[in-house]
There are 2 protein chains.
Amino acid sequence: MLLSDLEAAAIGDILKHQPCTAHFIRTCFRESPAKHFSDSAGSVYPMMRRLEKNGYLESYEQQDGQRMVRYYRCTSAGKTALQRWLGPPVPESATLTVDPVRTRILYLGRLPKSRRTKWFDEIESALQAKLKLIQQELGDRDLSQSDAPYLNLADENAIMELKTRLRWLSIARRQLEEQGLL
Amino acid sequence: MLLSDLEAAAIGDILKHQPCTAHFIRTCFRESPAKHFSDSAGSVYPMMRRLEKNGYLESYEQQDGQRMVRYYRCTSAGKTALQRWLGPPVPESATLTVDPVRTRILYLGRLPKSRRTKWFDEIESALQAKLKLIQQELGDRDLSQSDAPYLNLADENAIMELKTRLRWLSIARRQLEEQGLL
DNA sequence: TAAGGCATGTAAGACGTTACATGATTAC
DNA sequence: GTAATCATGTAACGTCTTACATGCCTTA
């Protein structure tokens with residue numbers, strides 16, 4: 001069975017920080033703006049158990065003061081599964097481009113003309129805010145950690161993508177104006 | 001209740017082509033490379049019933065030769081719901097950038113060095129193939145239909161995004177080479 | 001007459017979401 | 001002491017996927 005992106009990211013993060021807790025994986029998923037995974041308890045805890053059941057992780061409990069904490073490690077089967085997920089071959093779905101704004105613009109004709117300008121304004125400032133957030137993350141990164149090159153590249157990807165969207169948005173605006181649709 | 005992207009796209013497509021069948025919506029979802037929605041019967045048919053139950057669609061059956069076919073129309077509540085989904089305000093999730101390749105590069109360090117060059121090669125050609133597909137779709141579009149400006153913009157978005165990814169990929173390659181990671 | 005498209009659905013299972021629920025530990 | 005964080009889970013619900021299932025219609 002091929003791993004889902006969520007499962008693969010969990011295994012990848014465990015490999016970087018093992019032994020670690022399920023709770024730690026939740027914070028991994030929550031903290032990076034370049035990661036879009038859910039950090040809900042209802043998805044993470046069952047996923048960890050599932051990965052263990054499938055032989056990709058192993059765990060042990062350890063006393064920590066008054067409480068028991070479960071630590072996970074990646075097995076060699078887990079590492080193999082991660083490499084299979086990474087590819088090559090990469091699945092066709094890896095070329096998918098998803099832009100919620102693009103999805104919406106397909107139906108912009110159903111919005112009254114009077115609201116369209118505001119629509120563009122709002123999205124533009126939301127994208128700009130997100131862009132700043134990621135630029136900050138990139139600037140703040142500790143370059144000494146071994147994975148810094150990959151993390152930087154991921155941020156750089158998100159930054160380039162957001163800039164492209166902003167560029168596209170202004171082109172879209174101009175074109176619709178020219179066609180009297182704004 | 002706010003519509004999901006899938007539901008909103010269905011309502012949007014129905015507004016363009018009503019009255020139409022569930023099967024027609026499936027082909028809408030399947031055919032455009034700029035739409036990434038599932039066209040599986042198991043998601044579309046229950047969704048149409050759900051939207052009708054919620055008052056966003058209405059339907060009637062009609063004899064077509066030997067078979068009964070169900071046609072859907074959008075109600076005014078449906079149109080209102082679509083506009084609410086479109087925004088403004090746009091949800092914060094609309095600034096999400098999802099790139100499966102970016103997700104993977106975060107964990108590229110777990111792939112043996114020997115496979116990394118091939119990894120880049122494969123992804124590059126997959127992206128290039130997808131790019132051509134969408135450029136073709138854009139070139140083939142009938143410009144007389146009233147929604148052509150929006151459809152063109154959506155394709156243009158996908159094209160710009162794919163080009164950006166290719167640009168990023170070559171930057172990533174160069175950087176990793178310079179750092180002896182390739 | 002056979003293949004492919006049109007048309008509609010169901011069933012089982014996997015997965016994610018939200019909300020609920022608990023309790024220990026740490027920092028202010 | 002109290003709020004935030006660390007830590008672990010469960011339950012109900014909704015949705016999507018895959019696979020199964022049927023039958024009509026059109027075109028080669």
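Order of the sequence lines fixes the chain letters, A, B, ..., with proteins taken first and strands second; residue numbering starts at 1 for each chain. Just so it is clear, the values below take in all heavy atoms, side chains as well, and ignore hydrogens, waters and symmetry mates. Predicted model, so just to flag it, every value in this text is computed and none were measured.
- Between B/R50 and D/dG14 there is no side-chain polar atom (N or O) within less than 4.0 angstrom of OP1 or OP2.
- Rounded to whole Å, atom C1' of D/dG14 lies 12 Å from atom CG of B/N54.
- Of the residues near DNA chain D, A/E61 and B/M1, the one whose nearest nucleotide (by heavy atom distance) lies more toward the 5' end is A/E61.
- Both A/L6 and B/T21 lie close to DNA chain C; mapped to their nearest nucleotides by heavy-atom distance, the more 5′-ward contact belongs to B/T21.
- Taking CG of A/D99 as the reference point, atom CE of B/M160 lies at 11.0 Å (rounded to 0.5 Å).
- Atom CD of A/Q136 has 12 or fewer heavy atoms from other residues, nucleotides or ligands within 6.0 Å.
- Counting non-hydrogen atoms of neighbouring residues, nucleotides and ligands closer than 6.0 angstrom, the NZ atom of B/K79 reaches no more than 12 such neighbours.
- Rounded to whole Å, the distance from CD on A/Q62 to C1' on D/dC6 is 15 Å.
- Between the side chain of A/R102 and the backbone N or O of A/T97 there is at least one donor-acceptor pair closer than 3.5 Å.
- Residue B/Y45 places at least one side-chain N or O under 4.0 Å from the OP1 or OP2 atom of C/dT8.
- At whole-Å resolution of the value, CZ in A/R26 and P in C/dT18 are 12 Å apart.
- The two residues A/A9 and A/F37 have their closest heavy-atom pair at CB-CE1, 3.5 Å.
- Residue A/S40 places its side chain closer to C/dT18 than to any other of C/dT18, C/dA24, C/dT8.
- When rounded to the nearest whole Å, the span between CG of B/D5 and C1' of D/dC16 equals 14 Å.
- With rounding to whole Å, B/H23 atom NE2 is found 15 Å from D/dC25 atom P.
- When rounded to the nearest whole Å, the span between CG of B/D39 and P of C/dG5 equals 13 Å.
- Contact check, B/R70 against C/dA7: no side-chain N or O comes under 4.0 Å of OP1 or OP2.
- Between A/D64 and A/G42, it is A/D64 whose nearest contact on DNA chain D lies nearer the 5' terminus.
- Taking only side-chain atoms of B/S43, from C-beta outward, the nucleotide of D/dC6, D/dT17, C/dA24 with the closest atom is D/dT17.
- The CD-C1' distance, from B/Q63 to C/dA7, rounds to 13 Å in whole Å.
- Residue side chain B/R67 does not reach the base of D/dC25 through any donor-acceptor N/O pair under 3.5 Å, judged by distance alone.
- Nearest-nucleotide mapping onto DNA chain C: of B/T27 and A/S38, the residue sitting toward the 5' end is B/T27.
- Between B/R49 and C/dG9 there is a side-chain N or O to OP1 or OP2 distance below 4.0 Å.
- Checking D/dC24, D/dC16, C/dT10 against the side-chain heavy atoms of B/A41 singles out C/dT10 as nearest.
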